[in-house]
A.B. asks: 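Attaching a single structure in structure tokens format; questions to follow.
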Amino acid sequence: MTLAFTHDVRAPRVVFGAGVLERIPEELDRLGAARVLIIRTPRRGDAVERVAAAVGARLAGVFDGARMHVPAEVADAALVEARRVDADLCIAVGGGSAIGVAKAVALRDGAPFVAVPTTYAGSEMTAIWGISEGGRKTTGRDPRVLARAVLYEPALTVSLPPAVTAASGMNALAHCVEALYAHDGTPVTALMAEEGIRALAAHLPGAVRDGADLDARTGALYGAWLAGASLGAVAMGLHHRICHALGGTFNLPHAETHAVVLPHVAAFNAPAAPEALRRAARALGADDAAGALFDLAARLGCPTSLRDIGLREDRLDAAAVLVTEVPYPNPRPFGPAGVRGILQGAWAGRRPAGHGAGSAPRE
Ligand code: NAD
């Protein structure tokens, strides 16, 4: 057996479980925070009120302008607000959009932040930031945007609507699947990813069926933590490249695009990463990971075709070229023909063929 790896992963402190919001004062003491700015998206719900109550007299302000993909003007406005209220710590309450704004503030000002996630997107566990300007999203990794603590309270996710639960959950699954074949993966990251798939596959159906089922919500959030930790630890592959290209250029919805594309990339990569896909299949309780991912997405009520989320078929050639413009790590080499095959299967919503036959022709 040959085994060689470098495991060098920095991850935030994590506090998980029912009642963690009561520990906010303790966390603020630990970080020496005296003036807190809460960052959120403008949605209804009691998550922010509960966090604000726990922050108490140290609450300096609430910025509720967070938006998807962190437009530069939103990042600027949040920074102005943080300075205006003289905040020494931000708390991002919400999904990837709120956490993304807190990261942008941390990047520009060095102000630390704590994350209280309410979706399964996983941004809270990564040092990846993204800011969009003039129709382009710039991303990067920077240790300054790593949360100082992440507080996971499953009860905050009960208000996530079924469709968001499903798509956000499939987005988390994609982090785990790609982590299993990442070129910089280690035995520990693979364990996290496999367990993340198991937890998400086991608990997402219950969370979609009954959003108030706290057992299912707890299991799904536990899986989402592992998925975020996997995303933060290793490089993602072709699946993420395709989703970012489609999302950025054709304005497709982020999480739903992940749900549609993932089974097709899993099928494409299976011949080149059989052990990774075997582990994914085991965690899904199936023989074939690609088919099981497709079935799970369908069972959760996610869209299963790019056609259904608004991509025109005559865009597929251009999309395939776009995807291959940038080199990306992936277990199976890919070019326009291979990606075109993946996109065709995903566009039509075909269930990918089993056992790694894939839906795409060989390059
Ligand atoms: P989001 O944060 O935009 O949330 C989706 C919608 O759900 C919003 O309208 C939000 O207000 C609402 N919402 C959130 N929590 C809710 C709850 N508990 N109940 C009811 N409604 C709720 O979406 P997201 O999928 O969490 O994040 C997507 C964004 O995050 C994208 O911009 C993506 O690029 C980014 N992202 C970044 C990373 C990273 O590591 N940097 C990782 C994953 C995602």
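Ligands are counted one by one from 1 in listed order, and the atoms in each one are counted from 1 as well. All figures in this text were calculated on a predicted structure; none of them were measured in a lab. One is the number of the first residue; the rest follow in order along the sequence.
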A.B. asks: Check this for me: Glu313, atom CD, are more than 12 non-hydrogen atoms of other residues, nucleotides or ligands nearer than 6.0 Å?
C.D. replies: yes

A.B. asks: With heavy atoms only and a cut-off of under 4.0 Å, state how Leu231 meets ligand 1: side chain, backbone, both or neither.
C.D. replies: side chain

A.B. asks: Residue-level breakdown please: for Thr126 versus ligand 1, do any non-hydrogen atoms fall below 4.0 Å on the side chain, on the backbone, on both, or on neither?
C.D. replies: side chain

A.B. asks: Under 3.5 Å between any N/O of Leu156 and any N/O of ligand 1: does that happen in this structure?
C.D. replies: yes

A.B. asks: Find all atoms of ligand 1 within a distance of less than 4.0 Å from any non-hydrogen atom belonging to Lys103, and give their numbers and elements.
C.D. replies: 39 (C), 40 (O), 41 (N)

A.B. asks: For residues Thr157 and Thr119, determine if any side-chain heavy atom of one lies less than 4.5 Å from a side-chain heavy atom of the other.
C.D. replies: no

A.B. asks: Any nitrogen or oxygen of Gly94 lying under 3.5 Å from a nitrogen or oxygen in ligand 1? Just yes or no.
C.D. replies: no

A.B. asks: Of the backbone atoms (N, CA, C, O) and the side-chain heavy atoms from C-beta on, which set of Thr41 has a member under 4.0 Å from an atom of ligand 1: side chain, backbone, both, or neither?
C.D. replies: side chain

A.B. asks: So, the side chain of Arg332 versus the backbone of Ala273: is there a donor-acceptor pair under 3.5 Å, distance only?
C.D. replies: no

A.B. asks: Can you check which of Gly96, Ala47, Ser159 brings a heavy atom nearest to atom 27 (O) of ligand 1?
C.D. replies: Gly96

A.B. asks: Would you tell me which option among Gly232, Gly130, Ser123 has the nearest heavy-atom contact to atom 36 (N) of ligand 1?
C.D. replies: Ser123

A.B. asks: I'd like to know if the side chain of Arg141 and the backbone of Gly232 have a donor-acceptor N/O pair within less than 3.5 Å.
C.D. replies: yes

A.B. asks: Once the angle between the rings of Phe16 and Tyr222 is folded into 0 to 90°, is it parallel (under 30°), tilted (30 to 60°) or perpendicular (over 60°)?
C.D. replies: perpendicular

A.B. asks: Is the contact between His69 and ligand 1 made by the side chain, the backbone, both, or neither, using heavy atoms and a 4.0 Å cut-off?
C.D. replies: both

A.B. asks: Can you list the ligand 1 atoms lying under 4.0 Å from a non-hydrogen atom of Lys137?
C.D. replies: 32 (O), 34 (O)

A.B. asks: Strictly distance-based, threshold 3.5 Å: is any side-chain N or O of Asp184 a donor or acceptor partner for the main-chain N or O of Ala235?
C.D. replies: yes

A.B. asks: With the threshold set at under 4.0 angstrom, would you say Arg67 reaches ligand 1 through any of its heavy atoms?
C.D. replies: no

A.B. asks: Salt-bridge test for Arg351 and Asp295: reply yes if a basic N is under 4.0 Å from a carboxylate O, no otherwise.
C.D. replies: yes

A.B. asks: Side chains of Ser168 and Asn171 only: does a donor on one sit below 3.5 Å from an acceptor on the other?
C.D. replies: no

A.B. asks: Please list, in number order, the atoms of ligand 1 under 4.0 Å from a heavy atom of Gly95.
C.D. replies: 2 (O), 26 (O)

A.B. asks: Consider ligand 1: state whether an atom of it lies below 4.0 angstrom from any non-hydrogen atom of Arg40.
C.D. replies: no

A.B. asks: Strictly under 6.0 Å, is that where the ring centroids of His240 and His175 end up?
C.D. replies: yes

A.B. asks: What atoms of ligand 1 come within less than 4.0 Å of a heavy atom belonging to Ala121?
C.D. replies: 24 (P), 25 (O), 26 (O), 27 (O), 42 (C), 43 (C), 44 (C)

